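Chain letters run A, B, ... following the sequence lines, proteins first and then strands; every chain starts at 1. These values consider heavy atoms only, across backbone and side chains, with no hydrogens, waters or symmetry-generated copies. Computed from a predicted structure; not experimentally measured.
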2 protein chains.
Amino acid sequence: MARNKRQQDREEKRKEIITTARTLFLNEGYDATSMSRIAAANGIAANTIYWYFKDKDELLVNVLNEQMISRAAEYFLMKDKGIVERLSWVIDQLKIAYQLVATVHARLHLSPELNLWHERFHHIVENVLHEELKLLGVDENKIPARVKVAVFTIEGILSHPVTEHEQAEICQALFSV
Amino acid sequence: MARNKRQQDREEKRKEIITTARTLFLNEGYDATSMSRIAAANGIAANTIYWYFKDKDELLVNVLNEQMISRAAEYFLMKDKGIVERLSWVIDQLKIAYQLVATVHARLHLSPELNLWHERFHHIVENVLHEELKLLGVDENKIPARVKVAVFTIEGILSHPVTEHEQAEICQALFSV
DNA sequence: ACCTGAACACCGTTCAAGT
DNA sequence: ACCTGAACACCGTTCAAGT
């Protein structure tokens, strides 16, 4: 792995570590991925990571952010597709990261930074869903509760065994006026 | 703490350890509660716990079971109350244990025993909810999807900041025919 | 500024040895 | 059958020391 020389490389190196961590977190899970493992995959010593990130939770927040940004970019390219198709795409993407979803919920109270990220993430998602329901013509003052139900249901689908057929029925139930 | 003498005490001692673990898991969380901590609270050495339980996950399953059984007993004493009141009681009880809910979801794939418990738990809860929706007169073949949405929404309420007002609106949305 | 070896204070779990 | 001290193989993190 390319050695670091000067300040210009700092952001680049950070990104390298984040990418490695993302792969490992998604494949093996957060707890199962040790700092040594991430470091080894980057050709550095375990404690070197602490020069780039405060702790493991800050690294997690960065991984989550990178993942969210890249997925959001793709999502907004689907503007022409139907709501149902876009929603099932979102669920598919989240399913890939479902281990991390559970980890975030389990570690919320241990890390203020993670808690903040979680709040912001929900804020963004809820804004998008609010807009979708508005476009569908749902009664404006019933939208907030409907949005919460939709968000929580999506999370539930991620963390529980649900057949394709069940998932389709559930999505239909969420977006019927 | 009372020393153990013969086989008759085994179940009793197991219960003692489970009770201690339950208190600590609920107050401090699963990860934050070490085996040493549980052992110390029971006046025994850390490794002694392994004579009563295979590992920490088996202890967790027993804690969850005990909690579920005691809560279920109370629930069925509320038969005369309305559905909304009973549901909000269930949510309150689950909120007390919300840390464990997140832990269960995060550890599902690490422990087959925990996974099995989780499946059984959902089976029980879904049966109860199915019955409730049936009594409300919901269209029979729309019930399964509605049950899933209700279960996932309840879990969402547990793990996210939701105001009393929002919660009331959400519950109303779930049980409107 | 960047990186490391060594150490610290923990984990959950195993095992040989005690009663 | 029940319990323990000591050890094992890990953690995440800190720190003094190197370049």
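With B:Arg86 contributing its side chain and B:Tyr75 its backbone, the two residues share no donor-acceptor pair below 3.5 Å.
Under the 3.5 Å distance criterion, with hydrogens and angles disregarded, no donor-acceptor pair is assigned to the side chains of A:His105 and B:His105.
Proximity of B:Ile17 to B:Asn62: side-chain heavy atoms (C-beta onward) are nowhere separated by under 4.5 Å. Counting heavy atoms from C-beta outward, B:Leu26 and B:Gln67 have side chains that approach closer than 4.5 Å.
Atom CD1 in B:Ile49 sits roughly 12 Å away from atom P in C:dC11 (whole-Å rounding). Rounded to whole Å, atom P of D:dC3 lies 10 Å from atom CG of B:Asn42. For A:Phe53 and D:dT13, the CZ to P distance is 13 Å, given to the nearest whole Å. Taking atom CG of A:Asp31 as the reference point, atom C1' of C:dG12 lies 13 Å away to the nearest angstrom. As rounded to whole Å, 11 Å separates atom P of D:dT13 from atom CG of A:Leu110. One atom, CD of B:Glu16, and another, P of D:dC3, lie 10 Å apart when rounded to the nearest Å. Between the CE atom of B:Met35 and the P atom of D:dC10 there is a distance of 19 Å, rounded to whole Å. Atom CD1 of B:Ile44 and atom P of C:dT19 are 20 Å apart (whole Å).
In this structure, A:Thr48 reaches the bases: a heavy-atom distance under 4.0 Å links it to at least one base atom across the strands shown.
The base-pairing partner of C:dT19, taking Watson-Crick or G-U wobble contacts with both distances under 3.5 Å, is D:dA1. In this structure, D:dC8 forms a base pair with C:dG12, meeting either the Watson-Crick or the G-U wobble geometry with both donor-acceptor distances under 3.5 Å.
Closest to the side chain of A:Lys56, out of C:dC3, C:dT4, D:dG12, is D:dG12. When each of C:dC11, C:dT13, D:dC11 is scored by its nearest atom to the side-chain atoms of B:Asp55, the top-ranked nucleotide is C:dT13. Here the side chain of A:Tyr50 is nearest to one of D:dC3, D:dC11, D:dT14, namely D:dT14. With D:dG12, C:dT4, C:dC11 as the candidates, the nucleotide lying closest to the side chain of B:Ser34 is C:dC11.
Remark: of the listed residues B:Phe25, B:Tyr98, B:Tyr30, B:Tyr30 is the sole one forming a side-chain contact (heavy atoms from CB on, under 4.5 Å) with B:Thr103.
At C:dT13, none of the side-chain N or O atoms of B:Lys54 fall inside 4.0 Å of OP1 or OP2 (strictly under the cut-off).
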